[in-house]
Amino acid sequence: MERYNFKIVEKKWQSFWDKNKTFKSEINKENKKKFYCLEMFPYPSGNIHMGHVRNYTIGDVLARYKIMTDYNVLHPMGWDSFGMPAENAAKQNNLDPKDWTEKNISNMKKQLKNLGLSIDWNREISTCSPAYYKHQQKLFLDLYDKGLVYRKENYVNWDPVDQTVLANEQVIDGKGWRSGAQVERKKLNQWFFNISKFSDELLESLNSLESWPNKVKTMQKNWIGKSYGCEIKFQIKGNEDVKQIKCYTTRPDTLYGMSFLAVSVDHPISKFYENNKEFISFKEECSKTGTTEEAIAQAEKLGFKTNLLATNPLNHEIKVPVYFANFVLMDYGFGAVFGCPAHDQRDFDFAIKYNLPIKTVVKPFEEKDTYQVDDKAFTDSGIIINSNELNGLNAPNESIERAIDILEKEKVGKKKINFRLKDWGISRQRYWGCPIPIAYNKDGEIIKIPEKDLPVKLPEKIQLNTTGNPLDHQKEWKHITINGEKCIRETDTLDTFVDSSWYYLRFCSSSNSNLPFDEKETDYWMPVDQYIGGVEHAILHLLYSRFFVKAISFQNKKFNLSEPFNGLFTQGMVCHETYTDENNNWLHPDEITTEDGKNYFKKNNPKERVLVGPAESMSKSKKNTIEPSKMIDKYGADAVRLFILSDSPPEKDVQWSEEGMLASYKFIQKLWGLHQKIKSIIEGNINTIEEKDVSEELNKFSNQVIFKITNNIEKFSYNVIIANLHEIYNFLSKQITFQIKKEILKKNYVNILILMSPIIPHFAQECLESLNIKKKINWPVAEEQYLKEDNVEIVIQINGKKRLSLKNKIDSSEKEIYDNLIKTEYFKKNYKTDEVKKIIYVKNRLLNLIIKK
RNA sequence: GCCCUCGUGGUGAAAUUGGUAGACACAAAGGACUUAAAAUCCUUGCCGCUUGCGGAGUGCCAGUUCGAGUCUGGCCGAGGGCACCA
């Protein structure tokens, strides 16, 4: 028998789909319902990796299924092609980022095509192309006009040697990753999107996203961080110019326990200490901790005592010292807190260090009024004590409400809702990003680049090995004249998260050169029905995208969308065992060998043992990567698709194994063998065993499997579909030795091939063609009449334990089954009918007898 | 510390949503075919006595129920997210 040659077949169908533009999408095609299926687009790093294979296979199964269930499907692909790796690679090898990126794109596109994806390549976009970022610059200016973009000074990680800003992940132990210099906090003018304006909306409309994983919604909710509290004004003594300090608190009910007030070193009152040498060195000490919240968190709590005293607004006799403290953040609340050591662990630690009083004002329910906090803060709910008018109230619920009432009446405080979400800083001091379409005149005023001059193109072939931002050195590019006025361009570029915040809109109108997108088209295609990607984008990318549709919709009559992604699916990672040699060097799977599957050795030194580590997410640094292109070359795209879906549910991590890969390859070969046999039977070239006709069984089986697979696609239970495909093989390979009416065999077998086609499209289409099925393929619908069996196994339980099972006609009554049961040897031997106290019957499932002896 | 998710054979996992636990596969062992190997196919799969049967059994302990992998409470363990957020 002829072996299945995937190389020929897969190439044949890939070029067929290409040539026939099978997956080209248009609006209102035949008045079908639309379905927008989108996977997160890749960064063109050079080669596709297994994570891409998994992501795009999951999406492809869905897209192909939707096409066959008669949806008008949009399934595009593009490139998230701005970013640091291109700039770094270019610097290292003295290349041009553009050339490097374009080469990678063409390579990866070829690799993706080899996977046989149902992509509409007509809509391909690349964020680094001026054709894309031109529109992004337009959007930026639109948002600027609406007041959603602004410029302000902000702290950044500054590398004083490289004269550049570092991303948080480029700061290692407080030092620059390249220069090793101590990173400083430096104030720079930065551009911001006013995302916090939409905090409440972003939080509220999460509720409308029913098809999002709860996990992601929770993460976003926590990130936005809405809190209910109160702002309080504290009267200050000790400096004529500082009359009061405002604090934000969620626990105004613990005000009587206050023993200090702490403000950030960046608080406005710090200007009175600018000439204080001790304060300057304290502030410097604080700045060394970097700007990440985590870095601040790990630092020891430090305070700088001022000569100021703050008055407790509820009891004017209590006056407490004011400190600058490193754990108070300027960009949350008012950059000032009151310290209540007894009921906040940070305040407790601070109080211990600086020997401040710890006054207990909440006691646990079961404790006496004389209760005192001991070695750590008490933060649970309880009863208020030592607090005059608040005493006896339930904390925190009753007491907070009452405390706010009092503060409002006294006009020293008011209820306030706060958000953790900060505005989105979008300035990057980098070359390889979208230029910000702004210039500054000689007075430093902001001048928009006129629309007719868009795009502001990146200068090409420039020197990247400079100190600071390379664009800063581009004199010709930098100096321009706008309306006769000499200006200097903004040399910062946009955060690449901006590029990916609206690309799904661009796909709707990718060839429109005048507009970012045409509302007629976004109206039709948006929202994305199913978005698929890694959970690592659960917060930033998804939040920014959600912000973008709200910002574009803001004050816009033509465009109105509340959410970009109706359904979200987050797939798990692809893992592989890790290997290390005797010197703890990571080894690639290709560098090791084994004879017994237990003991592993180095290939180039068979005496050296290899240590096998646990399966971890594939990464270049651990060398536990498997190259998809090699696997496709060796086993074929269908086999790779089959394997990547087979072992685990798509939302969980999957472990790559060569055995599993091989098994998938063999399975396709087996299916091919089966196909040859069935084809021969259909064509009348093979004799079957005459005495048994299994046509009816086949009808039932195939309709049941249609039902199962359809459900499993809808549920994303793709691993179970693979199991269903094995069931199909196991059933058919046994049953086709018996007689099946030819037309019944053909009809059912064709349906079965269609069921296979989303997973292994090349194979299925080849088989269908060999049976002369060339017309448009529709997903089969299970016929109701075949879904019911004539006979069902009824489980017989005695006192809830399974004892035996009886075959009965479907839909038998309780009495019929019971009558059958009491006739059995088993029953007669063990029980008597008058012992039966109660019968529970679940139709077509089980009969449970309660017997008390 | 807080929040979320998850604990099922040697392994990856199924389980119609409260109704036959372990579908389907990987690995292993035994067998068939073969001079042999590869490939392929079959059987086994935790404990007990002989097939057959019986028993335990879905991290642990309770509970609800005729019946719990599934629901409730508590504990243990793993993973993920957030965090001096006032």
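Every chain is numbered from 1, with letters handed out A, B, ... down the list of sequences.
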> With a 4.5 Å heavy-atom cut-off, do A:M661 and A:V640 have their side chains touching?
Replying inline: yes
>> Can you tell me which residue among A:F304, A:Y354, A:F338, A:F282 is in a ring pair (Phe, Tyr, Trp, His ring centres under 6.0 Å) with A:Y323?
In response: A:Y354
>> Any side-chain to backbone donor/acceptor pair from A:N624 onto A:S619? Under 3.5 Å, distance only.
In response: yes
> In whole angstrom, what separates A:K652's NZ from B:rU5's C1'?
Replying inline: 11 Å
> Expressed in angstrom and rounded to an integer, what is the separation of A:L203 atom CG from B:rC85 atom P?
Replying inline: 19 Å
> Over how many whole Å does the gap from A:K708 atom NZ to B:rC24 atom P extend?
Replying inline: 9 Å
> Looking at the side chain of A:K666, which of B:rU40, B:rC41, B:rG19 is the nearest nucleotide?
Replying inline: B:rU40
> For A:R346 and B:rC85, is the shortest distance between a side-chain N/O and OP1 or OP2 below 4.0 Å?
Replying inline: yes
> Roughly how many Å is it from CH2 in A:W656 to P in B:rC26, rounded to a whole number?
Replying inline: 15 Å
> Where the side chain of A:Q797 is concerned, which of B:rA21, B:rG19, B:rC85 is the nearest nucleotide?
Replying inline: B:rG19
> For A:L846 and B:rC66, what is the distance between atoms CG and C1' respectively, to the nearest whole Å?
Replying inline: 10 Å
> Nearest to the side chain of A:N719, which nucleotide is it out of B:rA14, B:rG19, B:rA86?
Replying inline: B:rA14
>> Strictly below 4.0 Å: does A:K801 bring a side-chain N or O up to OP1 or OP2 of B:rA56?
In response: yes
>> Under 3.5 Å, is there a donor on one side chain and an acceptor on the other for A:E577 and A:Y579?
In response: yes
> Taking the six-membered ring for Trp, is the centroid-to-centroid distance between A:F716 and A:Y718 below 6.0 Å?
Replying inline: yes
>> Check the phosphate of B:rA83 against A:R420, side-chain N and O only, distance under 4.0 Å to OP1 or OP2. Yes or no?
In response: yes
>> I want to verify a distance call: between B:rC3, B:rC26, B:rC85, whose nearest atom is closest to the A:A663 side chain?
In response: B:rC26
> Regarding A:D423 and A:S196, is there a side-chain donor-to-acceptor distance under 3.5 Å anywhere?
Replying inline: yes
>> Please pick, from B:rC85, B:rG12, B:rC24, the nucleotide with the shortest atom-to-atom distance to any side-chain atom of A:E727.
In response: B:rC24
> Between B:rA86 atom P and A:D347 atom CG, what is the distance in whole Å?
Replying inline: 11 Å
> For B:rA86, does either OP1 or OP2 sit under 4.0 Å from a side-chain N or O belonging to A:Y332?
Replying inline: yes
>> Rounded to whole Å, how long is the line connecting atom CD of A:E616 with atom C1' of B:rG79?
In response: 13 Å
>> So if I take every side-chain heavy atom of A:N730 and compare against B:rA25, B:rG19, B:rA86, which nucleotide ends up nearest?
In response: B:rA25
>> Roughly how many Å apart are B:rC47 and B:rA56, using the P atom of each and rounding to a whole number?
In response: 16 Å
>> Run the ring-ring contact (aromatic ring centres under 6.0 Å, His included) test on A:F497 and A:W424 for me, step by step, so that the C-alpha distance in whole Å, both residues' side-chain angles and the decisive distance to 0.1 Å come before the verdict.
In response: CA-CA 10 Å; A:F497 271 119; A:W424 172 15; 7.1 Å; no
> From the list B:rA86, B:rU20, B:rG19, which nucleotide is the closest neighbour of the side chain of A:N848?
Replying inline: B:rG19
> Which of these nucleotides, B:rG12, B:rC82, B:rG67, is closest to any side-chain atom of A:D647?
Replying inline: B:rG12
> If we take the C1' atom in both B:rG77 and B:rU40, what is their distance in whole Å?
Replying inline: 44 Å
> Whole Å only: how far is the CG atom of A:N222 from the C1' atom of B:rC3?
Replying inline: 6 Å
>> Let me spell it out: for each of A:Q655 and A:N418, pick the nucleotide of RNA chain B with the closest heavy atom. Which residue's pick is nearer the 5' end?
In response: A:Q655
>> Strictly below 4.0 Å, N to O, side chains only: are A:K843 and A:E814 in salt-bridge contact?
In response: no
> Which atom names give the shortest non-hydrogen contact between A:S648 and A:D653, and what distance separates them?
Replying inline: OG-O, 3.4 Å
> Under a 3.5 Å cut-off on both pairing distances, which runs of 3 or more consecutive Watson-Crick or G-U pairs involve RNA chain B?
Replying inline: B:1-7 with B:76-82, B:10-12 with B:24-26, B:28-32 with B:40-44, B:46-49 with B:52-55, B:59-63 with B:71-75
>> I'd like the P distance from B:rC71 over to B:rU17, given in whole Å.
In response: 14 Å
>> Would you measure the distance from the C1' atom in B:rC24 across to the matching atom in B:rG59 and give it in whole Å?
In response: 25 Å
> Which of the following nucleotides, B:rA13, B:rC26, B:rA86, is nearest to the side chain of A:E659?
Replying inline: B:rC26
> Which nucleotide sits closest to the side chain of A:V328: B:rA83, B:rA86, B:rC66?
Replying inline: B:rA86
>> With a 4.0 Å limit, can you tell me whether A:R251 has a side-chain N or O closer than that to the phosphate oxygens OP1/OP2 of B:rC85?
In response: no
>> Below the 4.0 Å mark, does B:rA13 have OP1 or OP2 next to a side-chain nitrogen or oxygen of A:S648?
In response: yes
